[in-house]
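Sharing a structure here in structure tokens format.
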Amino acid sequence: MNVDEPQTWPASLAEAVDLQLSLRRLVKLGGRIADPVRTVLGLDVTYDDSSSRIAAAAVVLKADDFTILEEYVVTGTVSFPYVPGLFAFRELPPLIEAMRKVSTIPDVVICDGHGVAHVRRFGLACHVGLVTGLPTIGVAKNNFVGVFSDPGPERGSRTPIRHDGEVVGYAVRTRAEVKPVFVSAGHLIEPTTAVMTVLDLSPRYRIPEPVRHADQLSRRALRS
DNA sequence: GCGACAG
DNA sequence: ATCTTGTCGC
């Protein structure tokens with residue numbers, strides 16, 4: 001895959017915030033993604049804070065049967081502190097390296113974290129969308145900004161996440177009776193399409209298959 | 001001011 | 001994120 005090198009890399013937290021405020025103007029919500037979706041790229045990162053080690057995984061799946069087409073993992077060293085709202089700067093360097101190994105141009109990219117459901121409307125999934133030019137979706141295990149009511153217990157149930165008077169994402173029940181995931185658009189996709197896509201990619205477990213595989217791969221890589 | 005805070 | 005296997009229950 002072609003992945004743009006982030007032109008400017010922040011040297012301070014304040015610069016990182018400024019960069020987000022600048023880049024967020026380039027985010028496009030909406031548009032049509034491939035229908036049907038044929039290939040999906042899942043991304044995840046695992047850390048070991050004690051050793052400052054980090055592993056980023058990129059896994060390409062066939063969307064109809066979840067067959068693994070490609071999988072790569074890159075290990076490195078943490079280069080940015082964990083600051084809520086800025087963790088794209090922590091995860092992006094190894095993720096870009098991993099994505100560059102991918103041959104397939106996926107129809108959509110699923111990121112482990114938020115998209116526009118973010119303090120500055122520019123979460124990891126938005127940033128990944130800009131550097132790849134591909135449709136991206138953020139899927140987080142915990143809510144970050146805004147408020148929501150608990151969706152119904154059945155799989156497929158969803159409720160809006162409201163922040164500053166707008167809907168920034170959805171709490172989505174991907175598995176009956178299990179805590180919802182928090183879905184928001186990253187780039188080049190419509191919020192409701194993002195929700196549908198995540199449900200399609202989560203037939204059995206809470207976490208969508210692409211991210212689940214990337215999580216396992218990065219975890220294995222760091223434990224060896 | 002206080003608490004909360006994606007991974 | 002991480003410390004952590006098997007086990008109980010729908």
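It should be emphasised that the depicted structure is a prediction, and the values quoted were computed from it without experimental measurement. Lettering of chains follows the sequences in order, A, B, ..., and the numbering in each one begins at 1.
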* Asked: Please give, in whole Å, the distance from dA1(C) C1' to L222(A) CG?
  ->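 Spelled out: CG on L222(A) to C1' on dA1(C) is 10 Å.
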* Asked: Between D44(A) and R219(A), does at least one N-O distance fall below 4.0 Å, as a salt bridge requires?
  ->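 Between R219(A) and D44(A) there is no salt bridge, as every charged N stays at least 4.0 Å from the carboxylate O atoms.
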* All stems with DNA chain C, defined as three or more consecutive Watson-Crick or G-U pairs under 3.5 Å ->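 Ordered by first number, the stems with DNA chain C amount to none, as no run of 3 pairs exists.
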* Any salt bridge between D18(A) and R120(A), counting N to O under 4.0 Å? ->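 So D18(A) does not pair with R120(A) through a salt bridge.
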* Any chance the rings of F89(A) and H127(A) have centres within less than 6.0 Å? ->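 Yes; H127(A) has its ring centre under 6.0 Å from that of F89(A).
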* To do: Name the nucleic acid region contacted by I54(A), choosing base, sugar-phosphate or nothing; use a 4.0 angstrom heavy-atom cut-off, strictly under.
  =>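 Nothing, no heavy atom under 4.0 Å.
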* For D200(A), what residues pass the salt bridge (Lys or Arg N to Asp or Glu O under 4.0 Å) criterion, not counting sequence neighbours? ->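 D200(A) satisfies salt bridge (Lys or Arg N to Asp or Glu O under 4.0 Å) with no other residue.
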* Would you say the side chain of I189(A) lies within less than 4.5 Å of the side chain of T136(A), judging by non-hydrogen atoms? ->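 Heavy-atom side-chain distance check fails, nothing below 4.5 Å.
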* Whole-Å gap separating C1' (dA1(C)) and CG (N142(A)) ->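 So the two atoms are 11 Å apart, to the nearest Å.
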* Sugar-phosphate, base or nothing in reach of G138(A), heavy atoms under 4.0 Å ->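 Contact class for G138(A): none.
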* To do: Could you tell me the separation between the CZ atom of F144(A) and the C1' atom of dA1(C), rounded to a whole number of Å?
  =>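 It is 15 Å, rounded to the nearest whole Å.
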* Rounded to the Å, how far apart are R220(A) CZ and dA1(C) C1'? ->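 It works out to 18 Å between those atoms.
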* To do: Any pair with a residue in residues 174-211 of chain A that passes ring-ring contact (aromatic ring centres under 6.0 Å, His included), sequence neighbours left out, goes on the list, sorted by first then second residue, please.
  =>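 Checked against ring-ring contact (aromatic ring centres under 6.0 Å, His included) - neighbours excluded - the pairs reaching residues 174-211 of chain A are F148(A)-F182(A).
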* Heavy-atom donor-acceptor pair, R90(A) side chain to F80(A) backbone, under 3.5 Å ->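 Yes.
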* Range-with-range stems for DNA chain B, at least three Watson-Crick or G-U pairs under 3.5 Å ->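 Stem segments: none to report.
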* Asked: Side-chain N or O of R219(A) less than 4.0 angstrom from OP1 or OP2 on dT2(C)?
  ->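 Answer is yes, contact under 4.0 Å.
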* Inspect the contact between E166(A) and R121(A) and indicate whether a charged nitrogen and a carboxylate oxygen are less than 4.0 angstrom apart. =>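 A salt bridge is present here (some side-chain N lies under 4.0 Å from a carboxylate O).
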* Anything under 4.0 Å to a heavy atom of chain A counts; send over the first and last such nucleotide of DNA chain B, read 5' to 3'. =>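 Extent of the interface on DNA chain B: dC5(B) to dG7(B).
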* Residues which pass salt bridge (Lys or Arg N to Asp or Glu O under 4.0 Å) with D65(A), listed by chain and number, not counting sequence neighbours ->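 Counting only residues at least two positions away or on another chain, D65(A) forms a salt bridge (Lys or Arg N to Asp or Glu O under 4.0 Å) with K62(A).
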* To do: Have a look at D48(A) and say if it touches a base, only the backbone sugar-phosphate, or nothing, with a 4.0 Å heavy-atom cut-off.
  =>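 D48(A): no heavy atom of the nucleic acid under 4.0 Å.
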* Asked: Ion pair present between E209(A) and R212(A), side-chain N to carboxylate O less than 4.0 angstrom?
  ->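 Salt bridge: yes.
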* Does R175(A) or D215(A) map to a spot on DNA chain C nearer the 5' end, using the closest nucleotide for each? ->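 On the 5' side of the pair lies D215(A).
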* Asked: Side chains of H118(A) and L124(A): closer than 4.5 Å at any heavy-atom pair?
  ->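 No, every pair of side-chain atoms sits at 4.5 Å or beyond.
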